[in-house]
Novice: 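Quick one: the structure is below, questions incoming.
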Amino acid sequence: MNASPWVRRFAINVSAGAEVLDLACGGGRHGRVFLEKGCRVTFADKNLSDVADLANTENAQLLECDLEDGQAWSFPAARYEAIVVANYLYRPHLKTMVTSLKAGGLLIYETFAVGNEQFGRPKNPDFLLREGELLEAVAPDMTVLAYEHGLDDQKVVQRICAVKKDGAALFYPLRG
């Protein structure tokens, strides 16, 4: 499966050597984009069988973890230059994940939103973002670079790319 155009669009802003977290990585299609750029990528998911081919890959760390076990957010604070999440929603960690970004780090997030139930799965409201929910999740700690909510090829999605504020300039040098 190909990486999302949304993720590719903003991945170019992450430098080689950066620490990246691919949260709920599945087959790792997005983390692999960052590996190709020379980033150090942590692939985190409950089941890592779809990224087992990366077990001996330099700059790839496989972290088996149940993100929905009711435990507090367990990723280190201020560790990552980027966190990428696609087609995954677990609300208890939505606001907390930002703490794992370094100042100036990017959150690239894309998943299904309310309205998707008319097109297929997921239909459960627990897995569908409400209008503006990603905007609320990053406020006030991040500056939004891009946000979308709407119909995209027979699915309703919400997407955001935001940079963690560092108290310095509010401008982020976007490439692409």
Side-chain angles (χ1 to χ4, degrees), residues 1-11 14 19-35 39 41-52 54 60-76 79-101 105-139 141-142 144-162 164:
M1 192 172 201
N2 293 328
S4 154
W6 183 260
V7 173
R8 284 198 179 277
R9 174 181 171 191
F10 294 103
V14 179
E19 289 275 346
V20 177
L21 173 61
D22 185 351
L23 192 67
C25 67
R29 64 188 173 123
H30 297 109
R32 292 171 195 268
V33 169
F34 291 97
L35 274 181
C39 297
V41 182
T42 299
F43 293 85
D45 209 324
K46 185 175 184 176
N47 180 345
L48 296 173
S49 61
D50 290 339
V51 290
L54 298 172
Q61 176 188 5
L62 306 185
L63 180 61
E64 190 171 63
C65 58
D66 184 349
L67 300 167
E68 300 176 18
D69 63 3
Q71 300 296 314
W73 180 255
S74 61
F75 293 89
R79 166 137 184 215
Y80 301 102
E81 279 90 3
I83 297 175
V84 60
V85 184
N87 299 335
Y88 178 75
L89 175 61
Y90 183 64
R91 285 187 174 90
H93 296 319
L94 198 54
K95 279 191 85 64
T96 314
M97 75 175 66
V98 173
T99 63
S100 290
L101 283 169
L106 283 179
L107 174 65
I108 305 170
Y109 202 120
E110 172 180 41
T111 197
F112 300 99
V114 170
N116 191 71
E117 58 276 12
Q118 64 187 312
F119 298 103
R121 299 181 69 182
K123 296 177 182 277
N124 183 333
D126 291 343
F127 305 115
L128 299 171
L129 287 164
R130 297 179 298 274
E131 187 173 343
E133 192 168 1
L134 285 177
L135 290 170
E136 293 169 15
V138 301
D141 302 316
M142 302 189 80
V144 175
L145 303 176
Y147 171 81
E148 294 180 353
H149 179 120
L151 183 62
D152 180 13
D153 193 31
Q154 299 299 303
K155 62 185 182 239
V156 179
V157 297
Q158 195 170 133
R159 307 174 172 125
I160 200 164
C161 181
K164 188 170 183 181

Novice: Side chain of Lys95, backbone of Glu136: donor and acceptor closer than 3.5 Å?
Specialist: yes
Novice: Any idea which heavy atoms bring Leu89 and Asp126 closest together, and the distance?
Specialist: CD2-O, 3.7 Å
Novice: Side chains of Thr42 and Tyr80, heavy atoms from C-beta outward: is any pair under 4.5 Å?
Specialist: yes
Novice: Might you point out which heavy atoms bring Leu67 and His93 nearest each other, and give the distance in Å?
Specialist: O-NE2, 3.0 Å
Novice: Under a 3.5 Å distance rule, please check whether His30 uses its side chain to pair with a backbone N or O of Asp22 as donor and acceptor.
Specialist: no
Novice: Is the side chain of Arg32 donor-acceptor paired with the backbone N or O of Gly27 at a distance under 3.5 Å, no angle test?
Specialist: yes
Novice: With a 3.5 Å distance limit and no angle check, can you tell me whether Glu81 reaches the backbone of Glu19 through a side-chain donor-acceptor pair?
Specialist: yes
Novice: How about Glu131: does its CD atom have over 12 heavy atoms from other parts shown lying under 6.0 Å from it?
Specialist: no
Novice: Which heavy-atom pair separates Asn116 from Arg121 by the least distance, and what is that distance?
Specialist: ND2-O, 3.3 Å
Novice: Do any N or O atoms from the side chain of Tyr88 and from the backbone of Tyr109 form a donor-acceptor pair under 3.5 angstrom?
Specialist: no
Novice: For Gln158 and Leu134, indicate whether the former's side chain and the latter's backbone hold a donor-acceptor pair under 3.5 Å.
Specialist: yes
Novice: Out of Leu21, Leu35, Leu23, which one pairs with Phe43 under the side-chain contact (heavy atoms from CB on, under 4.5 Å) rule?
Specialist: Leu35
Novice: Compare every heavy atom of Val98 with every heavy atom of Lys164, then report the nearest pair and how far apart it is.
Specialist: NZ-O, 3.2 Å
Novice: For the backbone of Ala86 and the side chain of Thr111, can you confirm whether one donor and one acceptor N or O come within less than 3.5 Å of each other?
Specialist: no
Novice: Do Lys155 and Phe112 have side-chain heavy atoms sitting under 4.5 Å apart?
Specialist: yes
Novice: Could you go through the side-chain contact (heavy atoms from CB on, under 4.5 Å) check for Phe34 and Val7 one step at a time?
Specialist: CA-CA 10 Å; Phe34 291 97; Val7 173; 4.2 Å; yes
Novice: Closest approach of Asp50 and Gly26, non-hydrogen atoms and distance?
Specialist: CB-O, 3.7 Å
Novice: Is there a donor-acceptor pair under 3.5 Å between the side chain of Asp45 and the backbone N or O of Cys65?
Specialist: no
Novice: Using only atom types and a distance under 3.5 Å, with no angle test, would you say the side chain of Arg29 pairs donor to acceptor with the backbone of Ala3?
Specialist: no
Novice: Testing the basics here: between Cys39 and Val14, what is the closest heavy-atom pair and its distance to 0.1 Å?
Specialist: SG-CG1, 3.9 Å
Novice: Do Phe119 and Leu151 touch side chain to side chain, with heavy atoms closer than 4.5 Å?
Specialist: yes
Novice: Is there a donor-acceptor pair closer than 3.5 Å between any side-chain N or O of Lys46 and the backbone N or O of Asp66?
Specialist: no
Novice: Quick one: are Leu128 and Pro122 in side-chain contact, heavy atoms under 4.5 Å?
Specialist: yes
